[in-house]
Amino acid sequence: MATGTLALMRPLVMGVLNVTPDSFSDGGEWFEADAAVARGLEMAEEGADVVDVGGESSRPGADPVPQEEELRRVVPVVAALAPRVRVSIDTVKPAVARAAVEAGATLINDISGTLASVAAQAGVGWVAMHMRGDPKTMQSLAAYDDVVGEVCARLAELVAGAEAAGIEEVWVDPGLGFAKTAAHNLALLASLDRLAALGRPVLVGASRKSFLGPLSARAGEDPAPVDDRAEASLAAAVWAMDRGAAMVRVHDVAATLQAAALVGEG
Ligand code: HH2
């Protein structure tokens, strides 16, 4: 597996930790620093390979968070977790990324695809995710002739930029739900081998996302609500790992690690 120094033979698991009041799934649950740190440590004990700390929701329509507030939310949490588990910082702001790296984060999870130079300067890894526009505009930009081809082409540009900047550890991520319809997300999941062919490890985040709702609705649900998407999320994670994802970004770490162990045997 092309993950630099990591020698594990199973796909990796990144646990989601949103220090926000408004994230689509865990918003408000870990908004206090103490609660966030406790949840991060819990995920570390469960075996998460990375804990992804974010202080700004990117759900469709989300309001931007002022920089000072985002720093206030994430920096103490990163500092508390970094001695115990690998931490990534989920941000689009250069100053937040830099402060998080100073606090111990070693991976910049960049949904905007704009922070390559920050990662290069800081000497840390970078996740290049595909999206269009921003959380306010992205759903109006979900139009493609060939979604897999266009996402691969954009990610190839980002990888080339990262290589030119000298970043060693570069992940590519199709950005499920970011300027994508449900059909686009499914097409990308089915074709992750084409993303993997870019030569960089693939990260996929499907956990609890809205496209799973209609597909996994039980009798009386239409669609499955966000707190009833665990099984669909696990199925999507297994599907992604089977198609070549080297890491999955999930809310339910323990269950996903069990699945990852099995996939790693295959
Ligand atoms: N999805 C979300 C946020 N960050 N990063 C990567 N690399 N890939 C993803 O698919 C991804 C991501 C959205 O999910 P979540 O953090 O749970 O919610 P919110 O944006 O509302 O905080």
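We count ligands from 1, going down the list as the structure has it; atoms in each ligand are counted the same way.
- Under 4.0 angstrom from ligand 1, the non-hydrogen atoms of Arg59 come from both its backbone and its side chain.
- When Glu70, Glu68, Glu69 are each tested for a salt bridge (Lys or Arg N to Asp or Glu O under 4.0 Å) with Arg72, only one passes: Glu69.
- Given atom 5 (N) of ligand 1, the protein heavy atom at minimum distance is Asn109 ND2, 3.1 Å.
- Residue-to-ligand polar distances place Phe24 within reach of ligand 1: an N/O pair is separated by less than 3.5 Å.
- Residue contact check: Asp173 has heavy atoms under 4.0 Å from atoms 6 (C), 7 (N), 8 (N), 9 (C) of ligand 1.
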Could you walk me through whether Glu32 and Trp30 pass the side chain to side chain donor-acceptor pair (under 3.5 Å) check?
CA-CA 6 Å; Glu32 299 302 326; Trp30 327 115; over 6 Å; no

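- Contacts with ligand 1 closer than 4.0 Å are made by side-chain heavy atoms of Asp90 only, the backbone lying farther away.
- Ligand 1 has an N or O atom lying under 3.5 Å from an N or O atom of Lys209, backbone or side chain.
- Using a 4.5 Å heavy-atom threshold, the side chains of Val159 and Val172 count as touching.
- Among all protein heavy atoms, the one lying closest to atom 21 (O) of ligand 1 is Ser57 OG, 2.7 Å.
- By the 3.5 Å distance cut-off applied to N or O atoms, Arg249 is counted among the residues near ligand 1.
- The side chain of Leu203, and not its backbone, has at least one atom closer than 4.0 Å to an atom of ligand 1 (non-hydrogen atoms only; side chain from C-beta on).
- Under a 4.0 Å criterion applied to the non-hydrogen atoms of Ser23, ligand 1 contributes the atoms 19 (P), 21 (O), 22 (O).
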Step-by-step salt bridge (Lys or Arg N to Asp or Glu O under 4.0 Å) determination, Arg208 to Asp26
CA-CA 10 Å; Arg208 301 186 189 172; Asp26 58 349; over 6 Å; no

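- In terms of polar-atom proximity, defined here as any N/O pair under 3.5 Å, Glu56 makes no such contact with ligand 1.
- Every atom of ligand 1 with a heavy atom of His251 under 4.0 Å away is listed here by number and element: 17 (O).
- No more than 12 heavy atoms of other residues, nucleotides or ligands shown are found within 6.0 angstrom of CD on Glu102.
- Of the heavy atoms in Ile111, only side-chain atoms (C-beta onward) come closer than 4.0 Å to ligand 1.
- If you check the side chains of Thr20 and Ser23, you find a donor sitting under 3.5 Å from an acceptor.
- Interatomic distance, Asp173 CG to Met131 CE, rounded to the nearest 0.5 Å: 11.5 Å.
- Taking a cut-off of under 4.0 Å to the non-hydrogen atoms of Gly205, the atoms of ligand 1 that pass are 10 (O).
- No more than 12 heavy atoms of other residues, nucleotides or ligands lie within 6.0 Å of CG in Asp34, so this atom counts as exposed by the packing criterion.
- Using a non-hydrogen distance threshold of 4.0 Å, Phe178 registers as a contact of ligand 1.
- Figure legend: cation-pi geometry between Arg132 and Tyr144, with NZ or CZ positioned under 6.0 Å from the six-membered ring centre and within 45° of its axis.
- Counting only N and O atoms by type, the side chains of Asp110 and Ser112 include a donor and acceptor under 3.5 Å apart.
- Ligand 1 has no N or O atom lying under 3.5 Å from any N or O atom of Asp22, backbone or side chain.
- Near Asn18, meaning under 4.0 Å from one of its heavy atoms, ligand 1 places the atoms 15 (P), 16 (O), 17 (O), 18 (O), 22 (O).
- Using the six-membered ring where Trp is involved, His251 and Phe24 have ring planes that are perpendicular, over 60° apart on the 30 and 60° scheme.
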